[in-house]
Q: 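I'd like to ask you about the structure that follows.
Quick note: numbers below take in every heavy atom, side chains included, and nothing from hydrogens, waters or symmetry partners. Naming: A, B, ... by sequence-line order, numbering from 1 per chain.
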Amino acid sequence: MASQTVPTAPPRRLSNAYQNWYRFSRNPTAVIGAVIVILAILAAILAPWITPHPDHVGAVVNFRARHLPPSADYWFGTDNVGRDIFSRVVFGLRISLLLALVVLGIAVPVGTTLGLLAGYFGGWVEIVIMRLTDIALAIPPLVMALAVAAVLSPDLINSMLAIAALWWTWHTRLIYSITRQLRTQEFVEAAETLGASKFHILFREILPNCVSALAVKTSLDCGFVILVGASLSFLGLGIQPPTPDLGTMVASGSAFLPDYWWESVLPGCAILVVALGFNLLGDGLRDLFDVQEVR
Amino acid sequence: MTNILEIVRLTKLFPVRNGFGGKIGEVRAVDDVSFAIEKGKVYGLAGESGSGKSTIARMIMGLAGPTSGDILLDGHNITGETGSRAYGRKVQMVFQNPGSSLNPRRTVGQSIEVPLAAHGAPRTEHKQRVSELLEMVQLPADFASRFPHELSGGQKQRVAIARALAVAPQLLILDEPTSALDVSVQARVMDLLVDLGRQLGLTYLFISHDLSLMRNFADTVGVLYLGKIVETGPTASVFESPQHDYTRLLLASVPVISAEEEAMRPRIPLIDGEIPTAEQLIALRGGAAPVSQRTEK
Amino acid sequence: MSEALLSVRNLGVQFTTYGQTNQVLKGVSLDVPARSQIALVGESGSGKTVTMRAIMGLLRTPPARITGGEIFYDGRDLLTMPAKDRLKLRGTAMSMVFQDPMSSLNPVFTIADQMGTILKYADRRLGRSRGKKERMARVHEVLGQVRMRDPERVARSYPIMLSGGMRQRVLIAMALLSEPQLLIADEPGTALDVTTQAQILKLLKDLVEERGLALLMITHNLGVVRETSNYVYVMNKGVVVEHRPTAELFEAPRDDYTKALIAAVPRLTGGTSFGRAGAAA
């Protein structure tokens, strides 16, 4: 009799990590996305060592090698001053990824905290934060960046800050809606009755339940931020030459279309592939987490 | 013979609002409810959805403020003392659904540590206390590293009980603690609650719609209907000779498994071959002639 | 062997999740004769719901896979008949009363719309046809059969305008629409209050008796078994552990699991003692 009182664990207990890995590895979208993202990050970090012509990053001029088509020596061809486009694309990834990192590094913590506060406390806190969010949401990031560049000087830092100053709103909206649902859940009430602090409830009880949604949103956003950054550079508001940037390369290469198509098309493809990688990863993560939520 | 909890004329009104937020009326969720719980006893609140039983629990826990009335704990008036820590030590609650009362993203150990940290137990002792508490609810200590979804319903409810006991409360509010569980699991959880009650000298406020369970667990019972306690008394006498129509209807509705139980269920007059609702029954009793006379036969 | 209306023979079902295979039904057999009231009782994980879903053809494959056995309805094996024929039986010869009156009705259509649509498709499957007026007449008739005092008003209502008990009765009415011979009820009333549940069970029992239907009641509640059935199958861990006339089962259970299950039910008369004084740590 007494031995029955201790409920034993189910005999074949699968670890969480194994279950997650099992589902992840059987989700082609997520795997392809993850591979692209990891390769892009590695390439960006190791750029000086893996590129065939790392010196072509700067203001190098080699008129004898102008406008060469893709070949074994120059994989993506050369540009109008004879620099290796492949090397410059790989270095350009650094700027794109740095942009995503900085913008989201500011937007995610700010947006999440504001969303948690608005969703949990309600009342005037909610009114102030959410109306501010509504206002910020009404301004397109590109327009904001143009305005900032016009007032200050057109450079990368200003563009990043301009985008980050608006991007948090999306995270605020997301976290706000999740928190509002979780606020009335029994486990939150249980924590309240057990005397837990507001800080504990917000960051230890509610936040972990937002992580899956945040991961999906952030991954998708990386792709968007990279596109917005490329658009800014294309318009001449981003990084200034000669530092390689994918958007700038598309813009300068477009002057030589269609004869020297590789000068703009191949950097453009690089933007496309990286943005696609992040989007696939985000979609894959969503599928992964959806299953978990349903279970 | 001391009362640990006294509820005096507790009332909670919820405003009914129109589409523009204007108040167009009020709902009496809890209507002038008074009762007292003796130390070491089990008081049962029986009622269906909308009876106000959960609202009463929430008010005692400080999750909702009463419109009027007093809540006295150990003689001190704690009305409106929401979430205060000294108070949290004395009263704790076990929620109805163990699936949603444990945070799905936190381990069992982390959940049990919440009250320990909140009430200032030294961090170094947490691990030790968590395994003691798990042992108290008859779970192995290695459950501390598991997530709720890896546990069965009964195990989750044991964890919820351990968490509630972490601060050594005197009064435990049990809000339908076994309604989400299988009957054999329910029996084991009830065993645990009875044993813990004896060992720790706990007082229980047991809230349930399950009258068969109530009969075997509560010392005193109060029957709630539309926010009012319509009948109260020692459990055995309320069940054997129910005085109020609603109590009779509730008893008549319980599905039972033996002839003896069937014999003790009140006979309720049928209207059009249908069991009347409580409103009908009470309205009929109050005035209309034909059916209420049949009741009196 | 007597010719039963529904006969499940040695049914096996597997589920595959995360690459692991679980045999959830290990050769389940049960018979539902015409005009009989059968209960299938078990706790969570017993396989009663999987059995019910296999009968109704509601198992999702994958992750489920039927590994063996037959399900005969009126002498024809449901598992081997063409999908079209099987669809024809569903909702017309055998119907299902769902458990949750909140999620089983579509909130944006009136009861008349929803019942009318069901009737239209049932008619189409059976190659019948009737006009909209006749369909509405049938809807009102069935709502009257489930003891709705004002069927026209209920038919015009949206689900949100009805109480839980009324919605559950609408679900029963839906199951009765095309005059099935067999009703499969999945824990009806569990989501409702005790007093409402008692009404629903009484109504179901009356209807089944009045109209000469067979009832297969899927439940976890032994009280419900006693009140609604005259023959019972007890399931545990994918097998039927005991099956007998209901009255006999409660008087003298044979199987250990059944005994333990009955012993665990608290009695309204009292005397169920919880706790083992001093035994637990």
Q: Tell me, side chain or backbone of C:Leu222 under 4.5 Å from chain B's heavy atoms, or both, or neither?
A: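 Both backbone and side chain.
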
Q: Out of curiosity, C:Gln197 CD to B:His209 NE2, how far, rounded to the nearest 0.5 Å?
A: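 Here the rounded value is 8.0 Å.
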
Q: Quick one: does C:Arg226's side chain have a donor or acceptor within less than 3.5 Å of a partner on B:Pro255's backbone?
A: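 No, the answer is negative, given that no donor and acceptor are paired below the 3.5 Å cut-off.
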
Q: Does any heavy atom of chain C fall under 4.5 Å from the side chain of B:Glu240, the backbone, both, or neither of them?
A: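 No part of B:Glu240 comes within 4.5 Å of chain C.
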
Q: Cut-off 3.5 Å, side chains only: do C:Thr195 and B:Glu48 have a donor facing an acceptor?
A: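 Present: a donor and an acceptor within the cut-off.
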
Q: Take a 6.0 Å sphere around NZ of B:Lys41 and say whether it holds more than 12 heavy atoms from other residues, nucleotides or ligands.
A: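 Open: at most 12 neighbouring heavy atoms sit under 6.0 Å from NZ of B:Lys41.
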
Q: What part of C:Ile262 lies closer than 4.5 angstrom to a heavy atom of chain B: side chain, backbone, both or neither?
A: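 Interface part for C:Ile262: both.
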
Q: Sort C:Glu227 into side chain, backbone, both or neither according to what part of it lies under 4.5 angstrom from a heavy atom of chain B.
A: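 Just its side chain gets close to chain B.
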
Q: Would you confirm whether B:Asp182, through its side chain, and C:Ser44, through its main-chain N or O, come within 3.5 Å as a donor-acceptor pair?
A: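 Answer holds: yes.
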
Q: Quick one: what part of C:Asn221 sits under 4.5 Å from any heavy atom of chain B, side chain, backbone, both or neither?
A: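 Side chain only.
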
Q: Which bit of B:Leu251 comes within less than 4.5 Å of chain C, counting heavy atoms only: side chain, backbone, both or neither?
A: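 When you check distances to chain C, atoms from both the backbone and side chain of B:Leu251 fall under 4.5 Å.
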
Q: Looking at CD1 of B:Ile257 and CG of C:Leu249, how far apart are the two atoms once the value is rounded to the nearest 0.5 Å?
A: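 Rounded to the nearest 0.5 Å, the CD1-CG separation comes out at 9.5 Å.
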
Q: What closest approach, in Å, do C:Pro266 and B:Glu261 show between heavy atoms, and which atom pair accounts for it?
A: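 Residues C:Pro266 and B:Glu261, closest heavy atoms: O-OE2, 4.3 Å.
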
Q: Is it true that B:Glu262 and C:Arg267 have a side-chain N and a carboxylate O under 4.0 angstrom from each other?
A: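 Judged by the 4.0 Å cut-off on N to carboxylate O distance, B:Glu262 and C:Arg267 do not form a salt bridge.
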
Q: Side chain, backbone, both or neither: which part of B:Thr235 has an atom under 4.5 Å from a heavy atom of chain C?
A: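 Neither; nothing under 4.5 Å.
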
Q: Could you check which of B:Val185, B:Val183, B:Val254 has the highest count of heavy-atom pairs closer than 4.5 Å to chain C?
A: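 With the most close heavy-atom pairs to chain C, the winner is B:Val183.
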
Q: Check whether B:Met190 gets within reach of chain C through its side chain, its backbone, both or neither, counting any heavy atom under 4.5 Å.
A: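 Contact with chain C involves both backbone and side-chain atoms of B:Met190.
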
Q: At a 4.5 Å cut-off on heavy atoms, which part of B:Ala236 comes close to chain C: side chain, backbone, both, or neither?
A: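 Neither part; nothing is under 4.5 Å.
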
Q: Where is the tightest heavy-atom contact between B:Arg215 and C:Leu268, given as atom of each residue plus distance?
A: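 The pair with the smallest heavy-atom distance is CG-O, 3.2 Å.
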
Q: Working to the nearest 0.5 Å, report the span between OG of B:Ser253 and NZ of C:Lys202.
A: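 It comes to 12.0 Å.
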
Q: With respect to chain C, which residue among B:Gln186, B:Met264, B:Met214 yields the maximal number of heavy-atom pairs within a distance under 4.5 Å?
A: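 Ranked by heavy-atom pairs under 4.5 Å with chain C, first place is B:Met264.
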
